[in-house]
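Predicted model only: the values in this text are computed from it and were never measured.
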Amino acid sequence: MSSTSQKHKDFVAEPMGEKPVMALAGIGEVLGKRLEEKGFDKAYVVLGQFLVLKKDEELFRDWLKDTCGANVKQQGDCYGCLREWCDSFL
């Protein structure tokens with residue numbers, strides 16, 4: 001299993017609150033702006049989509065690719081971040 005980034009560790013260490021979408025692992029400035037333009041301005045809004053897709057990895061990765069153009073690594077980082085956060089807080 002690949003190691004997680006500091007960004008990932010910071011995100012999953014505490015409740016989400018009002019964190020911006022760019023706080024998610026795998027989501028930097030470019031992808032964050034694309035997501036914001038489509039209404040996904042906060043991490044919890046992306047979490048909502050993650051939950052609507054029933055935490056399904058393939059569906060979420062496809063959605064992230066189609067919505068903001070995330071590459072395979074970015075998709076995996078974001079999915080892993082949200083999955084771990086859910087395991088800890090839901």
Side-chain angles (χ1 to χ4, degrees):
M1 188 169 151
S2 62
S3 64
T4 55
S5 66
Q6 188 61 48
K7 190 174 181 181
H8 174 108
K9 291 174 188 167
D10 291 345
F11 189 85
V12 300
E14 61 189 14
M16 196 173 301
E18 293 288 322
K19 289 182 181 178
V21 70
M22 288 177 251
L24 289 163
I27 306 299
E29 194 170 332
V30 172
L31 296 184
K33 292 221 181 292
R34 290 178 189 162
L35 286 164
E36 287 173 355
E37 289 168 2
K38 296 191 177 175
F40 297 91
D41 58 333
K42 300 285 186 184
Y44 70 79
V45 183
V46 176
L47 171 66
Q49 184 64 31
F50 179 75
L51 295 174
V52 164
L53 296 172
K54 299 182 178 182
K55 301 191 246 181
D56 182 277
E57 183 172 5
E58 184 178 351
L59 291 175
F60 182 74
R61 283 173 171 265
D62 287 347
W63 173 81
L64 207 53
K65 178 183 171 193
D66 294 343
T67 304
C68 66
N71 68 31
V72 172
K73 180 178 184 336
Q74 292 161 331
Q75 295 163 26
D77 288 350
C78 190
Y79 171 80
C81 182
L82 287 172
R83 187 195 67 234
E84 188 174 330
W85 188 91
C86 287
D87 289 348
S88 297
F89 293 98
L90 292 184

Inset, instruction - Kindly indicate whether the side chain of Glu29, heavy atoms from C-beta on, has any atom under 4.5 Å from the side chain of Arg34. - result: no
Inset, instruction - Check whether any side-chain heavy atom of Asn71 sits under 4.5 Å from a side-chain heavy atom of Gln75, and report yes or no. - result: no
Legend entry - CG on Leu47 to CG on Leu51, rounded to 0.5 Å: 4.5 Å
Legend entry - Spacing of Gln49 atom CD and Phe60 atom CZ [to the nearest 0.5 Å]: 8.0 Å
Legend entry - Leu64 side chain reached by Cys78 side chain, heavy atoms, under 4.5 Å: yes
Legend entry - From CG (Leu82) to CD (Glu57), nearest 0.5 Å: 11.5 Å
Inset, instruction - Treat each ILVMFWY residue as a node, draw an edge where side-chain heavy atoms are under 4.5 Å apart, and state whether Met16 and Val52 are in one component. - result: no
Inset, instruction - Would you check if the distance from the ring center of Phe40 to the ring center of Trp63 is below 6.0 Å? - result: yes
Legend entry - Carboxylate-amine/guanidinium contact Glu37 Lys33, below 4.0 Å: no
Legend entry - Distance-minimising heavy-atom pair for Ala43 and Leu24: CB-CG, 4.1 Å
Legend entry - Nearest non-hydrogen partners of Gln74 and Gly69, listed with the distance: OE1-O, 4.4 Å
Legend entry - Hphob cluster co-occupancy, Phe89 + Val45, side-chain heavy atoms under 4.5 angstrom: yes
Legend entry - Basic-acidic side-chain contact under 4.0 Å: Glu84, Lys9: no
Inset, instruction - For Arg61 and Val72, indicate whether the former's side chain and the latter's backbone hold a donor-acceptor pair under 3.5 Å. - result: yes
Inset, instruction - Check Ser5 against Ala25 and note the closest heavy-atom contact, atom names and distance. - result: OG-CB, 4.3 Å
Legend entry - Heavy atoms of other groups near Gln6 CD, more than 12 under 6.0 Å: yes
Inset, instruction - For the pair Lys38 (side chain) and Thr67 (backbone), establish whether a donor and an acceptor sit closer than 3.5 Å, ignoring hydrogens and angles. - result: yes
Inset, instruction - Please answer: with hydrophobic residues joined when any side-chain heavy atoms are less than 4.5 Å apart, are Leu90 and Val46 in the same cluster? - result: yes
Inset, instruction - Hey, can you tell me if Phe11 and Trp85 have their rings parallel, tilted or perpendicular (30° and 60° cut-offs)? - result: tilted
Inset, instruction - State the OH-CG distance between Tyr79 and Leu53, to the nearest 0.5 angstrom. - result: 11.0 Å
Inset, instruction - Check whether any side-chain heavy atom of Lys42 sits under 4.5 Å from a side-chain heavy atom of Lys19, and report yes or no. - result: no
Inset, instruction - Would you mind reporting whether Glu18 and Tyr44 have side-chain heavy atoms less than 4.5 Å apart? - result: yes
Legend entry - Straight-line distance of Ile27 CD1 to Cys68 SG, nearest 0.5 Å: 5.0 Å
Inset, instruction - Answer yes or no: is there a side-chain heavy-atom contact under 4.5 Å between Met22 and Glu36? - result: yes
Inset, instruction - With the side chain counted from C-beta on, respond yes when Asp41 and Val21 share a heavy-atom pair under 4.5 Å apart, and no when they do not. - result: no
